[in-house]
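Report on the structure given below.
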Amino acid sequence: MPELPEVETIRRAIEPHIVGAQITDISLPDPSIAGPGGSESLQPALGATVRAVLRRGKHLILLLAGNSGIVLHLRMTGALLRCELPAGARVRAVLTFSNGERLAFTDQRRLGRMQYYASLKPLLLRLGPEPLDADFTWESLRSALKRHSIPVKAALLDQNIVAGIGNMYADEALFLAGINPVVSANQIPANEIRTLWRSIRDVLQRAIEDGGASVSTYAKPDGNRGAAQFSFNVAHRKGQPCPRCGAQIERIMVRKRGACYCPCCQPKRKVDA
DNA sequence: CTTGGGACCTGGCTGC
DNA sequence: TGCAGCCAGGTCCCAA
């Protein structure tokens, strides 16, 4: 599923091809992708020039005039392709540009969205810090987690606490930090939060370098698959051996979401060393 | 303010 | 074999 590394991979892949070009056509085979406003809500973007391609959390943003833009969210099964469409692709929207470029938004499950924002400010302010930016410090993570009694896994998925982390990378970051997913966010000692902070950044950075993780429908804009899934320690590896200790990886439900972890490397209570 | 639950969505899987 | 029903999970909305 597209999380921060997948969206960042897409951003880097399309940016050089559409910055400076005008949007000459917006076709919506599935108007519901634009939300309640339907096709008409995207009309203001017609003819506009793409000034930059940005990412904020899991949102992909085509920055247009002033503070306006088109915001895409791929949710579960969305993909953005500038290649030949695979057979059976569920095309929900097609953007055509003045330089001949064409981007197809495919989305099997129709949860994805592509919407025009006259001002991007509310969206940008609503989300938590970017985990790879300098203002995301371990102290800022500590103060955010201090306010929450929910399981730390649920806290990492909360886009207001930190933006861009989804189920896969939350599991991976917690594994690297040796933290059990059900531990309350405000019960984690400072030294472990520092380790978690570093793990979050390491996991995301490495996944970007690998072009994202293709575990289901995710593909890069050129149609190729990412490679980050080959480096997973616990995510999507239920029943397989932990790469660190060999114990069997378990899958439990945390707040209605699946969580994969190593019961040996991520104990609820630390044993004295 | 925080927390929890349901809704959305559909291909793939499970079980009768 | 056929099919009902569950499951995956990111986000929004509502209630407590």
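Note on naming: letters A, B, ... go to the chains in the order of the sequence lines (proteins, then strands), and numbering restarts at 1 for each one. Every value quoted in this text rests on a predicted model; they were computed, and no experiment measured them. Values below: every heavy atom of this structure, side chains too, minus hydrogens, waters and symmetry copies.
Taking 4.0 angstrom as the limit, A:Arg90 places none of its side-chain polar atoms (N or O) nearer than this to OP1 or OP2 of B:dT10. For B:dC9, the OP1/OP2 oxygens have no side-chain nitrogen or oxygen of A:Gln108 closer than 4.0 Å.
Taking atom CZ on A:Arg113 and atom P on C:dG9, their separation rounds to 20 Å, with Å as the unit. To the nearest angstrom, C1' of C:dC7 lies 14 Å from NE2 of A:His236. If you take CG of A:Asp171 and P of C:dA8, they are 12 Å apart, rounded to a whole angstrom. At whole-Å resolution of the value, CG in A:Asn167 and P in C:dC7 are 16 Å apart. Note: CG (A:Leu156) to C1' (C:dG9) measures 15 Å, nearest angstrom. As rounded to whole Å, 15 Å separates atom C1' of B:dC9 from atom CG of A:Leu74. Separating the CG atom of A:Leu4 from the P atom of C:dT11 is a distance of 11 Å, rounded to the nearest angstrom. Atom pair A:Lys256:NZ and C:dG9:P shows a separation of 14 Å (rounding to whole Å applied).
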> What do the steps show when you test A:Ser27 against A:Asp25 for side-chain hydrogen bond (donor to acceptor under 3.5 Å, both in side chains), and what is the final call?
Replying inline: CA-CA 6 Å; A:Ser27 151; A:Asp25 189 63; 5.1 Å; no
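Comment: A:Asp30 engages A:Arg110 in a salt bridge, judged by a side-chain N to carboxylate O separation of less than 4.0 angstrom.
Comparing C:dC12, C:dG9, C:dT11 against the side chain of A:Met76 picks out C:dG9 as the nearest. Ranking C:dG9, B:dC9, B:dT3 by closeness to the A:Ile150 side chain, first place goes to B:dT3. The listed nucleotides are B:dG4, C:dT11, B:dT10; the one nearest the side chain of A:Arg110 is B:dT10. Listed nucleotides B:dT2, B:dT3, C:dG10 differ in distance to A:Arg257; the shortest reach to its side chain belongs to C:dG10. Among the nucleotides B:dC9, B:dT2, C:dT11, the one closest to the side chain of A:Arg109 is B:dC9. Closest approach to the A:Leu111 side chain among C:dA8, C:dT11, B:dC9 is made by B:dC9 (side chain taken as heavy atoms from C-beta onward).
Using a 4.0 Å heavy-atom cutoff across all strands shown, A:Ser149 reaches sugar-phosphate atoms only and no base atom. Across all strands, A:Met253 comes closer than 4.0 Å only to sugar-phosphate atoms, never to a base (heavy-atom distances). Using a 4.0 Å heavy-atom distance criterion, A:Lys58 is classed as a sugar-phosphate-only contact. Using a 4.0 Å heavy-atom distance criterion, A:Arg92 is classed as making no nucleic acid contact.
For the residue pair A:Gly226 and A:Tyr218, the shortest heavy atom distance occurs at N-CE2, 4.3 Å. Looking at every heavy atom in both residues, A:Pro181 comes nearest to A:Pro151 through O-CB, 3.5 Å.
A side chain to side chain contact (heavy atoms under 4.5 Å, CB included) with A:Leu63 is found for one member of A:Val71, A:Thr49, A:Ile70, A:Leu120 and no other, namely A:Leu120.
Between the side chain of A:Arg55 and the backbone N or O of A:Leu60, no donor-acceptor pair lies under 3.5 Å. Proximity of a side-chain donor or acceptor of A:Lys153 to a complementary backbone N or O of A:Gly258 within less than 3.5 Å is detected.
Both A:His148 and A:Arg75 sit near DNA chain B, but only A:His148 has its closest nucleotide nearer the 5' end.
Listed by first then second residue, pairs satisfying salt bridge (charged side-chain N to carboxylate O under 4.0 Å, His left out) with a partner in residues 233-254 of chain A number zero, not counting sequence neighbours.
Comparing the helix axis at one end of the helix from B:dT2-C:dA16 to B:dC16-C:dG2 with that at the other, each defined from 5 consecutive pairs, gives an inter-axis angle of 50° (nearest 10°).
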